[in-house]
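Throughout, protein chains are lettered first and strands after them, A, B, ... in sequence-line order, and every chain is numbered starting at 1. Computed over heavy atoms, backbone and side chain alike; hydrogens, waters and symmetry mates excluded.
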Amino acid sequence: MKQQVLQLVYDVLRKLQYPVPGAIKCEYPKVSTHGDISTNVAMLLAKELKQPPRKIAESLVQSLKENAEDVRDIQIAGPGFINFFLKDEFFIRHLKTILNAGEQFGKIDAHTGIKANVEFVSANPTGPLTVGHGRNAVLGDTIANLLEWSGCDKVDREYYFNNAGRQMRVLGDSVRLRYLQLIGENVDFPEDYYQGDYIKEIAASLSETYGESLREENAEGIFKERAEEAIFADIKKTCDRLGIKFDYFYNEKSLYDDGYVEELIGIFRNKGLAYEKDGAIWLKTSEMGLEQDRVIVKSTGEPTYRLPDIAYHREKFKRGYDLIIDILGADHHATYPDVLAGVKALGLDEAKMKLVIYQFVTIVSEGQPVKMSTRKANYITLDELMDEAGPDVVRYFFLMRSPQSHLNFDLDLAKKETEENPVYYLQYAHARIASILRFAISSSVEFGWRYSEGDEQNAECIDLLTGKAEIELAKRLEQFPEIVEFCVNSYEPHHMGSYLTDVAMLFHKFYHAHRVITEDRGLSLARLSLCLATKTVLANGLRTIGIGAPERM
RNA sequence: GCGCCCGUAGCUCAAUCGGAUAGAGCAACGGCCUUCUAAGCCGUAGGUUACUGGUUCGAUUCCAGUCGGGCGUACCA
């Protein structure tokens, strides 16, 4: 509706031959006495027209009124806001639109024709996913969901990993040493090796299968392979529990095997953007707007991470994506400018790339922050979290806050409980509606009429909804598609959570104010329409953030 | 030192990219179940938006500075 009002404003401005200011805003006022939708046009025009805003507003209102449907009144208030009061019937009749759209309600076309790639998690297979990865995983998956809801032709979820490198060598050697210990060798286990129990488990399974025959094997062979295999299986299982399925697992190694890294060095050289110094190859990032040049190949001949990173993003462009999103933790923030500069230097359109940075997660247990380190095995895994709280709660916790805000994850709260948990508030509203519908089917006969699913679609009596709680709820439901759009455009899914909480709250209020099933068939059907529309919005909204909508609780 | 993020109720966080009287959840206090789910509802209390200045009709939001916290600042990823 916001869009329609905005359009109306533009039309009237043109008609009256007023200048059209750049950033006209329409918004939902916080207070109901300020109407349903409010615009700041008059204030924006004040300077240009050299007239007081309220006077300009007055000159607009008449014309606005003549051209507006569904509008009950237009008022001028405060410093010069123009406030639109919409007819209640508009919102009530809109319930039918929601019911007709059903599972599709909230799908928008903001990204029609776009092929998107969302890269997230991307943890190397050195250990189980921890709470830190959880925020990344949930954020990435939810943004992908929202892109699908906003009309993308295709959204690929991608996991980028590296199974070469030093980290992985240490991992293999950690398994090897644990294995040797198991078969009775007296070896030291270095402190900076991977300390987690999962290493011992992998070693144990190796000793079970191969006995002592691997005594002379080196770390890079079967030890590393088995570790990678086992850990990746574990990671995928964890993601699966969270409801996350990747379309691609992209191995950094393939960039070398396919010659893309080598090719990229050649391109930079040909463009005169790379040079040798001190035995290393440098990229002239200083000429690309960055502070200093960066090494892309070390003097040892080994590339630094940024070279394959650039090659990787180049591949994403080649694969035809129009939107390339990276979900990165704040600790990786510094790596992005290099990639961006590299991509730009290649003549690719860096505007297609979007970065979503999220701040760190602090686990709080018994009031104390828990320090975590994968290597030291001092961490809480995502799986443990889900064991205690369930996937829905875990997802919700990670999505409650804006990405740029530090997230305090209260372990005791997440573990402990059910009723203190905000996510149950939403789910409860959904389950409650489901229960009412069951009741309607089974018991309406006792009230002198019969309800079966779909009857509410024909409720001509929908205009019987006139209570304050009913109107308020219907108004909020109408905004759902705009919330989807807002979330996807800002890459901030936490707004969906607050919106749904608000819908749930308005529903609970309605529930306490009005009885749904009564002897009055018309009124009952009308209220069932409202219930069903609410259920639709809750279910669809929960689907966008990947949380279940239970039929009973 | 420099760069990015943050500082809002006792606690954890919002605030529709500059709007009107800054809002939720938890915690505290007082009410509401013989009627469709009390995992709920109603009410009370809680604030100089870290601080100082600036920009304008208007600032939690933008700019400068100060204080405090987090993360970076590699020929680690």
For this session: Just jot down the ring-ring contact (aromatic ring centres under 6.0 Å, His included) partners of A/Tyr256, sequence neighbours excluded, or say none.
Result: none
Exercise. Looking only at side-chain N and O atoms, does A/Tyr358 come under 4.0 Å of OP1 or OP2 in B/C5?
Worked result: no
Problem set entry | Matching residue for A/Leu95 among A/Leu465, A/Leu473, A/Leu532 - test: side chain to side chain contact (heavy atoms under 4.5 Å, CB included) | A/Leu465
For this session: Check the angle between the aromatic planes of A/His495 and A/Phe486 and answer parallel, tilted or perpendicular using the 30° and 60° thresholds.
Result: tilted
Exercise. Hey, can you pull the residues of residues 286-299 of chain A with a non-hydrogen atom under 4.0 angstrom from RNA chain B?
Worked result: A/Arg294, A/Val295, A/Lys298, A/Ser299
Exercise. Do the side-chain N and O atoms of A/Tyr312 and A/Glu158 include a donor-acceptor pair separated by under 3.5 angstrom?
Worked result: yes
Exercise. A/His333 has a side chain; which of B/C4, B/G18, B/G72 sits nearest to it?
Worked result: B/C4
Problem set entry | ring centroid sep under 5.5 Å plus plane angle under 30, A/Tyr425 with B/A39 | no
Exercise. Excluding sequence neighbours, so at least two apart, what forms side-chain contact (heavy atoms from CB on, under 4.5 Å) with A/Pro481?
Worked result: A/Phe105, A/Ile108
For this session: Note every stem involving RNA chain B: at least three consecutive Watson-Crick or G-U wobble pairs, i with j then i+1 with j-1, with both distances under 3.5 Å.
Result: B:1-7 with B:67-73, B:10-13 with B:23-26, B:28-32 with B:40-44, B:50-54 with B:62-66
Exercise. What about A/Asn83: does its side chain form a donor-acceptor pair under 3.5 Å with the base of B/A20?
Worked result: yes
For this session: Using the closest heavy atom to pick a nucleotide of RNA chain B for each, name whichever of A/Ile82 or A/Pro403 lands nearer the 5' end.
Result: A/Pro403
For this session: For nucleotides B/G18 and B/G58, find the distance between their C1' atoms and express it as a whole number of Å.
Result: 8 Å
Exercise. Below 3.5 Å, does any donor atom in the side chain of A/Ser38 face an acceptor in the base of B/A20, or the other way round?
Worked result: yes
Exercise. More 5' along RNA chain B: A/Val31 or A/Glu252, using each one's nearest nucleotide?
Worked result: A/Val31
Solution key, residues 273-283 of chain A side-chain donor-acceptor pairs under 3.5 Å, sequence neighbours excluded:
from	atom 1	to	atom 2	distance (Å)
A/Tyr275	OH	A/Asp293	OD2	2.6
A/Glu276	OE2	A/Arg269	NH2	2.6
A/Trp282	NE1	A/Lys277	O	3.2

Exercise. Between B/C76, B/C17, B/G72, which nucleotide gets closest to the side-chain atoms of A/Lys25?
Worked result: B/C17
Exercise. Is there a donor-acceptor contact under 3.5 Å linking the side chains of A/Asp173 and A/Tyr193?
Worked result: yes
Exercise. Nearest to the side chain of A/Ala330 - B/A77, B/A39, B/C71?
Worked result: B/C71
For this session: Answer yes if the ring centres of A/Phe409 and A/Phe398 are under 6.0 angstrom apart, and no otherwise.
Result: yes
For this session: Test the A/Arg432-A/Tyr511 pair against the cation-pi criterion, namely NZ or CZ under 6.0 angstrom from the six-membered ring centroid and within 45° of the ring axis.
Result: yes
Exercise. Are the charged groups of A/Lys509 and A/Glu472 less than 4.0 angstrom apart, N to O?
Worked result: no
Exercise. Is the base of B/C33 syn or anti, where syn means the angle lies within 90° of 0?
Worked result: syn
Exercise. Where the side chain of A/Ser254 meets the backbone of A/Asn251, is there a donor-acceptor pair that is under 3.5 Å apart?
Worked result: yes
For this session: Check every atom of B/A20, B/U37, B/C75 against the side chain of A/His34 and return the nucleotide holding the closest atom.
Result: B/A20
Exercise. Does CD belonging to A/Glu291 count more than 12 external heavy atoms closer than 6.0 Å?
Worked result: no
For this session: Assign a letter to each nucleotide of nucleotides 55-62 of chain B from its 5' end: B, base within under 4.0 Å of a protein heavy atom; S, sugar-phosphate only; -, no contact.
Result: --B-----
